[in-house]
2 protein chains.
Amino acid sequence: MHDKATRPLPPIAEAAPLHAVLACVFQVREGTLQVLLWQRARDPQRGRWALPGGRLDRREPLEQTIRRHLATKVDVRELSWLEQLATLGDPDRNPRHWELATAYLGLVPSNVDPRLPADTRWHPVDALPPTAFDHGTVIDLARERLRAKLSYTNLGFALAPAEFTIAELAAHYSAALGYRVSQTNLRRVLERRGAIVPTGELRRPGREGGRPASVWRFASRKLAVTDPFAVLRPPQRPSRRANGYRRSSTTVDR
Amino acid sequence: MHDKATRPLPPIAEAAPLHAVLACVFQVREGTLQVLLWQRARDPQRGRWALPGGRLDRREPLEQTIRRHLATKVDVRELSWLEQLATLGDPDRNPRHWELATAYLGLVPSNVDPRLPADTRWHPVDALPPTAFDHGTVIDLARERLRAKLSYTNLGFALAPAEFTIAELAAHYSAALGYRVSQTNLRRVLERRGAIVPTGELRRPGREGGRPASVWRFASRKLAVTDPFAVLRPPQRPSRRANGYRRSSTTVDR
DNA sequence: GCAAAAGTGTTGTAATTACACCCATGT
DNA sequence: ACATGGGTGTAATTACAACACTTTTGC
């Protein structure tokens, strides 16, 4: 089947763009959701911040390629989640040459801290520096996907350490969702769905005292759709009154 | 910026696979969900049925490319929905050469009937012929995506004609979801969400008589997330009893 | 009047938020 | 004892599924 490899390629240059893989890697750090970005040292877009990634290799599946680039270029080896997001193919997304990019969403649990190269840094998603190419779009896409999956799956396992208290877990969810998540309700939702289970241990209270928190873990560290149709909606403060089954309806234009 | 185009390319052949776009186009016909497939006349995979598509063109965005191929190759011009699904990049997905494919989900409303070329045909999704390459996977992905979006968005607009009765609409939903959808409840769900509105007209009853049905249309023909966390779950016949907040939990392995 | 198809009323229940309250610990 | 967090009880709310029942038509 490889016998054709020696023959000259047919005139399909127009059909063979360069192809890159990118990853939007999130981690909850210091109470906020942060993305791993890398500052371009050269034109085009010198000085702007880009998502890590690299070119394809014919010998690998796409997912393995992005894993390899993350491991070798930014020393991220412990992804707790990796999922394909989209492929971007706008003809002029890269001013230099025709290049497609397949973007991934990656998650790193909050208790690991990869050793990063000098040009690479975590940035809070709410205070991003100028981003390169269409990478800002990718980050938005990734946030949206993460938000959705936290609601209807057990994906929280990929943000948190193996063991945690409910207060800690709620802080992770709050950071990722962008709004305050009540410990009380988070616990009940995840427990009812069987997503989290108590280990039986208790965490020692801190300096200030307080009742010792019980320690939990996720029942499984594989993605499970715990609720085909989910929850953890943002608090709907204003006017609970009114005949109002007025649930917000977001318009998406494609 | 194009001045480099004349210089010889660096040795990145390994980074430049061929790239195709494919579409899994669904339509509800004769009460079932059907996919548009095309029978291969040549090896590899001669005789097997493939999703329509073609190569990229440097001058177009990806979405425009798949639209062009659908219009010119299978005469499908009236897509009511088109959405990117995934990019497949397994090194040996095509035995002949290294080729990636970006797959789309397309929908055609049930009241149009494109004139198809001889080698192209609609196939009920529950009785597919042998499919080519990894196209079976794409069809599965597409069904799943359609199913999900019908639940939490107004995507039904893309399956049905502009105007319809509730009975007709329920038939479309049933075909796409694969289980019986009650007219009564479908109506209430979509009406409560503001997704459908009555036109005021009535449809004449058929031969057999019966009360005339009122005619409805979708309030908008753009995608709207009507319920961030949705509904239309399949009927849960067995044992409604039991302390049972035992809602099914599907495990997804990646 | 009777069958057929459409539409309404009503009940039961799951899932969830909000919030008041109780508990265990350190100082 | 009291401040500080953690945890529980519970009412209010919403969104549904199910199903019995009513309405409007053709024959």
Side-chain angles (χ1 to χ4, degrees), chain A residues 151-152 164-171 173 179-196 198 201-216 226-249, chain B residues 151-152 164-171 173 179-196 198 201-216 226-249:
Chain A
S151 290
Y152 68 88
F164 45 82
T165 66
I166 297 295
E168 289 160 3
L169 188 62
Y173 273 78
Y179 52 80
R180 185 128 299 295
V181 171
S182 127
Q183 300 179 27
T184 303
N185 294 332
L186 179 66
R187 209 256 280 215
R188 292 220 257 241
V189 167
L190 294 181
E191 199 181 4
R192 170 158 18 93
R193 295 180 179 174
I196 58 172
E201 293 159 68
L202 293 182
R203 186 67 59 86
R204 306 237 35 120
R207 284 281 85 159
E208 313 284 87
R211 177 171 170 173
S214 46
V215 177
W216 298 72
T226 48
D227 188 352
F229 320 107
V231 68
L232 293 178
R233 353 183 196 290
Q236 48 227 95
R237 248 293 78 70
S239 126
R240 295 183 59 79
R241 222 2 15 77
N243 189 310
Y245 34 100
R246 192 82 291 177
R247 203 124 141 232
S248 73
S249 159
Chain B
S151 289
Y152 68 88
F164 46 82
T165 66
I166 298 296
E168 289 160 3
L169 189 63
Y173 273 77
Y179 53 81
R180 186 130 295 296
V181 171
S182 127
Q183 300 179 26
T184 303
N185 292 334
L186 178 66
R187 207 255 280 218
R188 291 218 258 241
V189 166
L190 294 181
E191 200 182 3
R192 171 159 13 94
R193 294 180 181 174
I196 58 173
E201 292 158 67
L202 293 182
R203 185 67 57 87
R204 302 238 37 115
R207 285 282 83 161
E208 313 285 87
R211 177 170 171 173
S214 46
V215 177
W216 298 72
T226 48
D227 188 353
F229 319 107
V231 69
L232 293 179
R233 354 184 196 290
Q236 48 227 97
R237 246 293 78 69
S239 122
R240 294 183 59 80
R241 218 16 356 89
N243 191 310
Y245 33 99
R246 190 82 296 174
R247 202 124 141 232
S248 73
S249 158

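Lettering follows sequence order; numbering is per chain, from 1. What you see is a predicted model; the values in this text were computed from it and never measured.
Comparing D:dG6, C:dT25, C:dG7 by their closest approach to the side chain of B:Ala213 singles out C:dG7.
Contact check, B:Arg193 against D:dC16: a side-chain N or O comes under 4.0 Å of OP1 or OP2. Checking the phosphate oxygens (OP1, OP2) of D:dG6, a side-chain nitrogen or oxygen of A:Gln183 falls inside 4.0 Å. Side-chain nitrogen and oxygen atoms of A:Thr184 include none within less than 4.0 Å of the OP1 or OP2 phosphate oxygen of C:dA18.
For B:Arg204 and D:dT25, the CZ to C1' distance is 9 Å, given to the nearest whole Å. In this structure, B:Leu186 places its CG atom 13 Å from P of C:dA6, rounding to the nearest Å. Atom-to-atom, CZ of B:Arg192 to C1' of C:dG9 comes out at 15 Å; the value is rounded to the nearest Å. To the nearest angstrom, P of D:dC16 lies 13 Å from CD of B:Glu191. Counting to the nearest Å, the P atom of D:dG26 and the CD atom of B:Glu208 are 12 Å from each other. Counting to the nearest Å, the P atom of D:dG7 and the CG atom of A:Leu169 are 12 Å from each other. If you take CZ of A:Arg203 and P of C:dG26, they are 15 Å apart, rounded to a whole angstrom. D:dT13 atom P lies 16 Å from atom CG of A:Asn185, rounded to whole Å.
For A:Gln183 against A:Ala170, the heavy-atom pair with the smallest separation is CG-CB, 3.9 Å. Closest of all the heavy-atom pairs between B:Thr165 and B:Arg203 is CG2-CB, 4.0 Å.
Considering only heavy atoms from C-beta on, B:Leu190 stays 4.5 Å or farther from B:Thr226 through its side chain. For the pair B:Leu186 and B:Tyr173, the minimum side-chain heavy-atom distance is below 4.5 Å.
When the salt bridge (charged side-chain N to carboxylate O under 4.0 Å, His left out) test is applied to B:Arg188, no partner is found at least two apart in sequence or on another chain.
For a distance-only test at 3.5 Å, the side chain of B:Arg188 qualifies as a donor-acceptor partner of the base of C:dG9.
Positionally, the nearest nucleotide of DNA chain D for A:Arg211 lies more toward the 5' end than for the other of B:Pro205 and A:Arg211.
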